[in-house]
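See below for the structure under consideration.
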2 protein chains.
Amino acid sequence: MNKTISDIAQMAGVAKSTVSRFLNGGSVSEDTRQKIEHIIKQYNYVPNTFAQSLKAKKTSIIGTVVPRLDSYATSQTLIGIDEELRGLQYQMLIANTSQDMQREIDAIYDFARQKVSGIILLAAEITDAHLKAIEDIQIPVLLVGQQHELLHSLIHNDEQAGYLMGEYVVEQGHREIVYLGVSEKDQAVGIHRKQGFKQAIDECSDCTVRYYETSFKMSEAVITAAEILEKNRPSLIVAATDNIAMGVMKTASFQKISIPQQLSVAGFGGYDITEMIHPTLTTVKYHYLQAGKLAANHISKLVKGESVSQHTVMDVELILRESVDKI
Amino acid sequence: MNKTISDIAQMAGVAKSTVSRFLNGGSVSEDTRQKIEHIIKQYNYVPNTFAQSLKAKKTSIIGTVVPRLDSYATSQTLIGIDEELRGLQYQMLIANTSQDMQREIDAIYDFARQKVSGIILLAAEITDAHLKAIEDIQIPVLLVGQQHELLHSLIHNDEQAGYLMGEYVVEQGHREIVYLGVSEKDQAVGIHRKQGFKQAIDECSDCTVRYYETSFKMSEAVITAAEILEKNRPSLIVAATDNIAMGVMKTASFQKISIPQQLSVAGFGGYDITEMIHPTLTTVKYHYLQAGKLAANHISKLVKGESVSQHTVMDVELILRESVDKI
DNA sequence: CTGAAAGCGCTTACAG
DNA sequence: CTGAAAGCGCTTACAG
């Protein structure tokens, strides 16, 4: 049977409140401190979290809502959040929504019920239902990966990413370009990343670029890429994510189109695997791990009521590798 | 301000206990049922989880301890657990230990403090400290991915996996073989998988196989593979995981050794990505998602006190692809 | 079916 | 510095 604070108090010959004070860093005489400490150690006493939370009406838990678990971006971000939170004495609770928007909303309310101190939200799209939930719960929320004017958010510089890539490929002499993007519902990837790219291409007078759309799944990218390559033969395909880029490479290798000699390919993300494949993939690196750590810091500040800049933008980094040829 | 059960009771004109009974499915008259239901709906009342747990002394949370978040096996297993648990009305709590054994132990005790109903443990090695913790907490624990005589466990058939692979490569005519494994501290991968392979090879009289060891990291596998290929030139390298296999492929492509013409490569795991790379990787598929679902089912049974077979073994499946040549 | 009361294990003013 | 008491929001016998 687990000991309670009363047991400890009794055995130490003091009042419960004294033990509680000791536990919470209040002042106790050296003498009682020793007595209590001894008993606690002896019985391996640990306070009951529920009783604590019931009184204190809060916890040291940060809830994190993620759209999926099997993505490099998500897992790296989670690792960053978790590591940093540990140092800040918070626990991380993960709610996976499998890209189901209703589950996102539910998860927010669930977290509120559990009295988490703050919520980190990784979501592709913020709807009115999200905003309502966030307002309802009265708990600090930090949005990661997307920007929203009404919310504290932490994003990667998608426009910059797109621009850097666009600038580079033009510089390498590419003129017949395909950009294989994703739905504009995902503002960060679907709109901003593409915008940045477009902007760079627009500065090149004799460039043509065709825009296509696919999903985040590599398997679908393979199919879309096949359809594209059937119709045209660009010198370069820029994919909105490394995952999609790998799908394109797959299709190319299947069709015996050699990369980068016959077709250049580039992506976004900077996944570890892109360095291991052949040829290595030119990409824009996103600092997910760092983003996670920063997110943890921000949410902890928000919880404490400290101010945090409404929008934080993380720099990205162009990584030159083998998959883009100079022509 | 959140309403409490007293508020609801008062507004409905009944006693707290009646509301509680209603909430917990006890019998109430049609009349009071309606009154209570109405008020609850109106004020959007949700019971305070802490107060509930404080009394009931348990929660509907299953804790899952994972060694890392950025692994295909882990994320797939987690997804399976999460999905299944949702249907069973449990919540999943994840503790990531970053392969730090002490954190594993701590996580077990932490979960106990939080009164989780059960714990699913993904761990590479079970030490006495693990066993002590598990005994201390008096909460059902299910071990996944490793077998231990004292614990309920759910494993993949590593011996079978090794054997299937060994049998196949011998059949394909390979005689000069390298097996690139991992530390025996990880019993499942380091010992059983290798054993199964060895067993198949032993049945081949003119086969020679050299055993090497590396870590689970692709980047280290690249280095180990380079060292191996410097010394010998086997016709085939079988890697203990797909990740390691991809490291080998990387080294090969770097050294302009073509796969499978000059060197065959195979792995274990069946990661999605192995189907997308070039050449596609011959591997043994592990059913991680299903394992996760089964784990969720088992732990929920253990929590209810229902019996579950002590050891469950999941079948694996040899997947023939392009990376192994017939010679 | 319904209600009053006790209690889960803490924390928090308030006296002393 | 220390302790008695009230209370956090529930649930659970126990009467009625």
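Throughout, a chain's letter reflects where its sequence line sits, starting with A, and its residues are numbered from 1.
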Taking atom C1' of D/dA13 as reference, at what distance in whole Å does atom NZ of B/Lys55 sit? 9 Å
Hey, does A/Leu93 have a side-chain heavy atom less than 4.5 Å from the side chain of B/Gln91? yes
For residues A/Asp186 and A/Gln146, is any side-chain donor paired with an opposing acceptor at under 3.5 Å? yes
Rounded distance in Å - CZ (A/Arg21) to C1' (D/dG3): 8 Å
side-chain N/O A/Gln52 vs C/dG9 OP1/OP2, d < 4.0 Å: no
Expressed in angstrom and rounded to an integer, what is the separation of B/Ile5 atom CD1 from D/dT11 atom C1'? 8 Å
Have a look at A/Ser29 and say if it touches a base, only the backbone sugar-phosphate, or nothing, with a 4.0 Å heavy-atom cut-off. sugar-phosphate
The side chain to side chain contact (heavy atoms under 4.5 Å, CB included) partner of B/His298 among B/Ile120, B/Val303, B/Leu142, B/Val144 is B/Leu142
Less than 4.5 Å apart, side chain to side chain, heavy atoms only: is that true for A/Arg86 and A/Asp82? yes
Measure the distance from CD on B/Glu30 to P on C/dT2 and round it to the nearest whole Å. 11 Å
Using Watson-Crick or G-U wobble geometry with both distances below 3.5 Å, tell me the partner of C/dA15, or none. D/dT2
Short side-chain N/O contact from B/Tyr45 to OP1 or OP2 of D/dC10, under 4.0 Å: yes
Nearest-Å distance, CD1 (A/Ile8) to P (C/dT11)? 13 Å
Pick the nucleotide of DNA chain C nearest each of B/Ser17 and A/Pro47; which residue has the one closer to the 5' end? B/Ser17
Rounded distance (Å) that lies between atom P of D/dC1 and atom CD1 of A/Ile36: 12 Å
Which part of the nucleic acid, if any, lies within reach of A/Thr32 when heavy atoms closer than 4.0 Å are counted: base, sugar-phosphate only, or nothing? sugar-phosphate
Distance, rounded to the nearest Å, where A/Leu23 contributes CG and C/dT12 contributes P: 12 Å
Rounded to whole Å, how long is the line connecting atom NZ of B/Lys16 with atom C1' of D/dT11? 9 Å
B/Thr18 vs C/dG3: side-chain N/O to OP1/OP2 distance below 4.0 Å: yes
Find out whether B/Gln89 and B/Ser60 are in side-chain contact, i.e. whether some heavy atom of one side chain is under 4.5 Å from a heavy atom of the other. no
At 4.0 Å (heavy atoms only), tell me whether A/Thr4 reaches a base, stays on the sugar-phosphate, or touches nothing. sugar-phosphate
Is the phosphate of C/dT11 approached by A/Asn24 (side-chain N or O, under 4.0 Å from OP1 or OP2)? yes
